[in-house]
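Working notes for the structure below.
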Amino acid sequence: MVHDFNSVNSFQLAITSLESVPNPRGIHADVQVLASDITRLSGLEHTTFDFVPRSQRHPSGLGTAPVNGAAKLYVGLWFEAPLDKFRVVLRCVGNWLDRTAEKYSFEVKIPSAQAIAQQIDQADVKNPPAYTITLATNQAKKLAELLPLGEALLPPQELYLTKAKDYVNTFGELTPAARANLLLMRHRMGLASEETSDLNARAMGPFKTLGDKYQHFRRELLVCKQESDLDSELWQVMQAKAETMSLPEADTQFLKAERLSTLRQEADRVRQQREAEAEAERQRYREQRQRLDHYRHAFVGLVTDALVPLNLAPDAAQFRQAMMAQLSGAEFNRGRLIQAREFYNLSPQEADALEKTVLDELYLLSGLL
Amino acid sequence: MAQDIQFSIRFVDPQYKSDDVVTEVHYLIEDLRDLNGMSQTRFEPISEIRDVAEIRVGVTFAAPSDLLGPILRRLRDRLYYNPIATAFCFKMADIMLCIETHQADDLLGFIAAAQSGLLFAPERDYLAEAETYSRTQGELSPTELDNLNLLRQRLGLTAEQAEVLNARAASPYPTKADKHRHFEDMTAAEFSRLRAMDEGPPFASKDIWPVLQELAENLGLPFLEAEAIYQTHQQRYHDDTKLKTEQTTAKTAEDGRLSAEAKAEAERQKQAQQTQERLNQYRDLCRQTMTHAIYPSEFDQGRLDQARRLWGISAEQALQLETEVRDELYGGVASATGVDYNRLRNLLHQQAWHEADMETEVLILNALNLDMQPVTAATMERLSTVDLTTIDGLWNRYSKGRFGFKAQQQVYRGQQQIQADDRQRWLAFEEALGWREAPSLFSRGYKPYHDLTFSLEAPPGHLPTWRWCCPSLSDRYKINLEIMAAVIHHLNTCMPLETVTVPALDTAFPTQIA
């Protein structure tokens with residue numbers, strides 16, 4: 001079974017039963033258990049397995065013809081995993097082999113160091129030059145011999161840098177646990193402390209911490225002055241900047257949402273301010289109307305208080321004149337009138353107009369009476 | 001201890017001509033045989049059918065492991081000068097390693113592996129054993145170390161070599177306790193990082209378990225153990241976060257409550273201030289309208305009435321304010337007995353001294369409820385301090401300190417310092433007040449009431465007269481000395497002068513002066 005690589009930073013492992021004594025169900029169960037064990041490892045939860053059906057096995061390896069229903073039974077599996085998981089996977093397989101004690105053929109395919117170092121084009125990823133290591137054993141100790149060989153074939157710097165970049169792309173920085181993992185990798189790969197410091201710095205990019213990246217990107221985002229900027233070409237530029245500074249996509253989106261929220265709040269605030277200004281203007285108008293109404297009311301009260309029987313005037317003008325004379329005649333009423341005008345701060349024109357209206361209405365009423 | 005490696009090298013470039021392939025195989029054998037220790041090596045050809053003819057496309061041979069390095073380098077050099085697609089296979093004991101490439105650098109990985117010294121016994125066998133022990137138990141137990149020591153001796157490895165291989169198998173944290181501690185430290189550090197991030201501006205939240213799980217796997221720490229450590233720290237972190245959130249929520253609620261209270265208080269104060277401002281405005285208007293007259297003109301009353309309506313001031317409040325302002329401008333008219341001193345104030349304001357003096361008599365008798373009966377030494381004591389102070393205040397204010405009870409007390413004090421004899425002192429007091437002239441052969445000096453001086457030219461303390469003590473004014477304005485002493489005593493009691501020594505009323509005094 002030939003499989004293409006999904007990534008040049010991964011290895012492939014094919015495991016096939018070599019037992020000549022037929023125990024198809026036992027082997028099938030073992031294979032399923034191994035697949036389950038592998039998916040319990042961190043970062044391998046979504047591993048895709050190709051299972052080798054019993055019927056597909058080469059006749060020479062099995063020695064017996066498929067029986068009814070045998071096609072549904074598996075005798076092996078194949079999967080691909082990241083290169084940095086090489087040791088963990090082989091240890092897991094070693095544990096499994098300890099339990100099964102059946103003989104299996106193990107085939108490990110590792111891209112050549114050159115292919116990994118050059119990170120060859122995507123087009124060539126599927127079939128890069130690769131080392132194939134094969135071993136047939138039922139002993140975990142024998143399988144363990146694959147470990148130093150496989151690890152020796154890996155390019156230490158490239159692998160370390162890839163792993164550090166993975167952490168930075170996930171967390172935006174090298175967290176304590178990430179650094180601890182990298183330290184173990186450094187130890188396994190035999191890298192010097194100075195080398196890994198340089199590689200860490202390369203992985204981190206120009207900023208030392210995630211906080212610095214956030215601070216810088218937040219500042220950069222200030223150029224987005226309105227919501228539409230975050231959907232336009234400008235956002236693509238911002239994304240490119242985020243990528244350059246090794247800010248993870250999740251963080252970029254988080255900061256985008258934060259900026260979006262701020263812009264919406266600002267827009268809301270501006271809208272509310274405008275509404276408040278409009279409301280203040282309306283209030284001023286209402287107060288002006290209220291002032292006039294109150295004066296009108298006060299004037300009506302004053303006229304009512306001062307009202308004495310009056311001969312019907314021939315016209316409104318004379319009625320007004322008579323009423324005003326009556327009002328001004330009594331010092332007390334005159335004082336009230338002056339005080340009311342002062343209180344409402346009315347211009348003489350405003351006061352005259354209002355008083356005229358009130359007195360005209362009163363004239364009409366006097367006519368009706 | 002060199003072991004044999006089976007080599008298989010086959011040219012697989014389909015574009016390469018058969019003759020050229022045969023030539024390449026020939027040169028390959030020659031190149032390899034040229035290496036030190038390879039001259040006696042037996043090379044077996046690999047043949048295949050091409051264009052009906054069988055041709056040599058490669059070669060197999062066996063060589064000791066110590067020649068692996070030179071052979072690989074030679075093969076790399078050949079590929080470097082002639083990059084022809086070639087399939088290389090190396091069989092080391094049970095392990096087969098193959099690669100098909102035309103690039104010389106693709107062999108570098110295997111060259112490095114060969115140089116590591118870990119591919120062959122005894123290092124390979126020892127490391128595999130140590131790795132197996134480390135994998136299964138998480139550490140090298142004393143028994144396992146004993147076993148490894150025996151293996152080391154059997155394989156002929158030095159103690160130092162074994163130590164290096166042990167460290168490689170067991171990682172920098174060789175014991176389970178070390179691994180546990182390291183994992184615990186790293187987990188704590190991860191949560192510390194989260195706590196630090198929580199302190200500042202917000203960050204996108206990320207799951208830290210996968211990287212910690214990876215660490216546990218790399219360390220060889222059992223999953224359940226690692227998970228338990230992680231969950232303990234996670235629980236602690238969640239508890240802290242929850243507590244902080246609760247505190248923040250409580251603080252926000254408390255701030256909100258305080259803010260609402262402060263707002264309500266501010267509103268209340270604003271309303272109180274507004275009310276006070278209106279009262280002050282009304283008070284100012286009162287002051288403005290009463291500056292020139294005790295009672296505002298009708299026009300000003302109209303203004304006050306309208307202002308009171310507009311500012312929402314009750315009639316009672318307005319009246320009180322007007323009274324306060326009037327008292328402030330024209331003197332208070334307080335009375336303990338409900339006597340109305342307004343007329344007295346009006347008369348004094350008009351400088352109508354004579355009428356004011358008569359009004360004073362009426363008011364004092366009213367205050368003592370005497371119904372025109374003269375005040376006696378006994379009834380005098382009933383005259384309240386409030387009323388005395390009001391009468392004195394009004395006389396004092398409108399005479400600019402010339403008249404009033406205090407002025408009379410001052411005169412008496414002056415006489416006290418001069419006259420030791422009581423009778424002479426009282427007579428001198430009356431003379432000083434201008435109520436009596438110096439006695440002559442024809443007169444004892446007492447004046448008729450209408451001859452007293454009802455103007456500001458009168459001597460200090462001349463007014464108000466004490467006519468309310470006199471049973472009759474038909475003859476002369478003459479006051480009984482006993483009553484005079486009682487009045488002064490009562491005045492000194494109710495309105496003591498500063499640093500004045502008031503003579504104690506001698507109960508025997510009236511008898512003496514009689």
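Heavy atoms only: backbone and side chains are in, while hydrogens, waters and symmetry mates are out. Below, read A as the first sequence line, B as the second, and so on, with proteins coming before strands; counting in each chain starts at 1.
- The backbone N or O of Phe110(B) lies less than 3.5 Å from a partner atom in the side chain of Tyr131(A), making a donor-acceptor pair.
- Checked against a 6.0 Å centroid threshold, the rings of Tyr214(A) and Phe203(B) count as neighbours.
- Between chain B and the residues Ala250(A), Ala298(A), Ala144(A), Ala330(A), the most heavy-atom pairs under 4.5 angstrom are made by Ala144(A).
- Chosen from Gln115(B), Arg124(B), Glu298(B), the residue pairing most often with chain A at heavy-atom distances under 4.5 Å is Glu298(B).
- Annotation: maximal heavy-atom pairing with chain B below 4.5 Å, among Ala136(A), Gly43(A), Ala152(A), occurs at Ala152(A).
- Qualifying side chain to side chain contact (heavy atoms under 4.5 Å, CB included) partners for Thr175(B), counting only residues two or more places apart in sequence or in other chains: Glu139(B), Ala177(B), Asp178(B).
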> Can Arg179(A) and Met186(B) be said to form a side chain to side chain contact (heavy atoms under 4.5 Å, CB included), step by step?
Replying inline: CA-CA 9 Å; Arg179(A) 283 182 185 277; Met186(B) 288 304 108; over 6 Å; no
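- For a residue to count as touching a neighbouring chain, one of its non-hydrogen atoms must lie under 4.5 Å from one of that chain's; by this rule Arg168(B) touches chain A with backbone and side chain alike.
- Only the side chain of Gln103(B) comes within contact range of chain A, judged by heavy atoms closer than 4.5 Å.
- Residue Pro248(A) touches chain B through its side chain alone, counting heavy-atom pairs closer than 4.5 Å.
- Asn181(A) places no side-chain N or O within 3.5 Å of a backbone atom of Asn218(B) that could act as its donor or acceptor partner.
- Within a 6.0 Å sphere centred on NZ of Lys103(A), heavy atoms belonging to other residues, nucleotides or ligands number 12 at most.
- For chain A, the nearby parts of Asp106(B) are the backbone and the side chain; heavy atoms of each come within less than 4.5 Å.
- Using a distance-only test at 3.5 Å, with no hydrogens or angles considered, no donor-acceptor pair links the side chain of Asp94(B) to the main chain of Leu135(A).
- Heavy-atom contacts from other residues, nucleotides or ligands closer than 6.0 Å to CZ of Arg308(B) number more than 12.
- The candidate with the highest count of non-hydrogen atom pairs below 4.5 Å against chain A, out of Leu118(B), Val211(B), Leu212(B), is Val211(B).
- In this structure, no portion of Gln139(A) lies under 4.5 Å from any heavy atom of chain B.
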>> With salt bridge (Lys or Arg N to Asp or Glu O under 4.0 Å) as the criterion, how do Arg309(B) and Asp305(A) come out once you've worked through the C-alpha distance, each side chain's angles and the decisive distance to 0.1 Å?
In response: CA-CA 13 Å; Arg309(B) 291 165 192 251; Asp305(A) 291 348; 3.5 Å; yes
Can you give each donor-acceptor pair under 3.5 Å made by side-chain atoms of residues 84-93 of chain A, sequence neighbours left out, with the distance rounded to 0.1 Å?
{"residue": "Asp84(A)", "atom": "OD2", "partner": "Lys163(A)", "partner atom": "NZ", "Å": "3.0"}
{"residue": "Lys85(A)", "atom": "NZ", "partner": "Ser42(A)", "partner atom": "O", "Å": "3.1"}
{"residue": "Lys85(A)", "atom": "NZ", "partner": "Ser42(A)", "partner atom": "OG", "Å": "3.1"}
{"residue": "Arg87(A)", "atom": "NE", "partner": "Glu151(A)", "partner atom": "OE2", "Å": "3.0"}
{"residue": "Arg87(A)", "atom": "NH1", "partner": "Glu131(B)", "partner atom": "OE1", "Å": "3.2"}
{"residue": "Arg87(A)", "atom": "NH2", "partner": "Glu151(A)", "partner atom": "OE1", "Å": "3.3"}
{"residue": "Arg91(A)", "atom": "NE", "partner": "Glu131(B)", "partner atom": "OE2", "Å": "2.8"}
{"residue": "Arg91(A)", "atom": "NH2", "partner": "Glu131(B)", "partner atom": "OE2", "Å": "3.4"}
{"residue": "Arg91(A)", "atom": "NH2", "partner": "Ala169(B)", "partner atom": "O", "Å": "3.3"}

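- Taking Ala307(B), Cys89(B), Pro202(B) one by one and counting their heavy-atom pairs under 4.5 Å with chain A, the maximum is reached by Pro202(B).
- Of residues 251-262 of chain A, those residues lying under 4.5 Å from chain B by any heavy-atom pair are Asp251(A), Phe254(A), Glu258(A).
- At a 4.5 Å heavy-atom cutoff, Pro296(B) makes no contact with chain A through either its backbone or its side chain.
- Gln339(A) contributes atom CD, which lies 10.0 Å from atom CG of Asp305(B) (distance to the nearest 0.5 angstrom).
- Remark: Tyr80(B) OH is loosely packed, at most 12 non-hydrogen atoms of other residues, nucleotides or ligands lying under 6.0 Å away.
- Interatomic distance, CD of Glu145(A) versus CG of Leu127(B), reported as 9.5 Å (0.5 Å rounding).
- Note: Leu153(A) CG to Leu108(B) CG = 11.5 Å, rounded to the nearest 0.5 Å.
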>> Is there a side chain to side chain contact (heavy atoms under 4.5 Å, CB included) between Ile95(B) and Ile133(A)? Walk through the geometry before answering.
In response: CA-CA 7 Å; Ile95(B) 298 174; Ile133(A) 310 169; 3.4 Å; yes
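- Atom CD of Gln306(B) is separated from atom CD1 of Ile338(A) by 11.0 Å, given to the nearest 0.5 angstrom.
- Contacts between Leu210(A) and chain B at a heavy-atom distance below 4.5 Å involve backbone atoms as well as side-chain atoms.
- Both the backbone and the side chain of Ala180(A) come within contact range of chain B, judged by heavy atoms closer than 4.5 Å.
- Looking at Leu215(B), both its backbone and its side chain come within 4.5 Å of chain A, counting heavy atoms on both sides.
- Proximity of Glu331(A) to Ser297(B): side-chain heavy atoms (C-beta onward) are nowhere separated by under 4.5 Å.
- Only the side chain of His182(B) comes within contact range of chain A, with heavy atoms under 4.5 Å apart.
- Residue pairs meeting the salt bridge (charged side-chain N to carboxylate O under 4.0 Å, His left out) criterion with at least one member in residues 107-117 of chain B, sequence neighbours excluded, do not occur.
- By number of non-hydrogen pairs under 4.5 angstrom with chain A, the leading residue of Met197(B), Glu129(B), Gln281(B) is Glu129(B).
- Interatomic distance, CG of Leu149(A) versus CZ of Phe90(B), reported as 11.0 Å (0.5 Å rounding).
- Atom OH of residue Tyr173(B) and atom CG of residue Leu183(A) lie 5.0 Å apart, to the nearest 0.5 angstrom.
- The part of Thr170(A) that comes within reach of chain B is its backbone (N, CA, C, O), which places non-hydrogen atoms under 4.5 angstrom from that chain.
- Heavy atoms closer than 4.5 Å to chain B are found in both the backbone and the side chain of Phe171(A).
- Using a 4.5 Å cut-off between heavy atoms, Leu285(B) contacts chain A through its side chain alone, with no backbone atom that close.
- Within the 4.5 Å cutoff, the side chain of Arg218(A) has heavy atoms near those of the Pro201(B) side chain.
- Between chain A and the residues Asp105(B), Thr132(B), Asp125(B), the most heavy-atom pairs under 4.5 angstrom are made by Asp105(B).
- Heavy-atom pairs under 4.5 Å with chain B were tallied for Ile110(A), Val108(A), Thr132(A); the largest tally goes to Thr132(A).
- Remark: the backbone N or O of Arg40(A) is paired with a side-chain donor or acceptor of Gln213(B) at under 3.5 angstrom.
- Salt-bridge annotation for Glu342(A) and Arg303(B): present, with a side-chain N of the basic residue lying under 4.0 Å from a carboxylate O of the acidic one.
- Here the closest non-hydrogen pair linking Pro172(B) and Leu184(A) is CD-CD2, 3.5 Å.
- Only the backbone of Pro210(B) comes within less than 4.5 Å of a heavy atom of chain A; no side-chain atom from C-beta onward does.
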> After noting the C-alpha distance and the side-chain angles of Thr101(B) and Ser112(A), does the key distance pass the side chain to side chain contact (heavy atoms under 4.5 Å, CB included) rule?
Replying inline: CA-CA 9 Å; Thr101(B) 184; Ser112(A) 73; over 6 Å; no
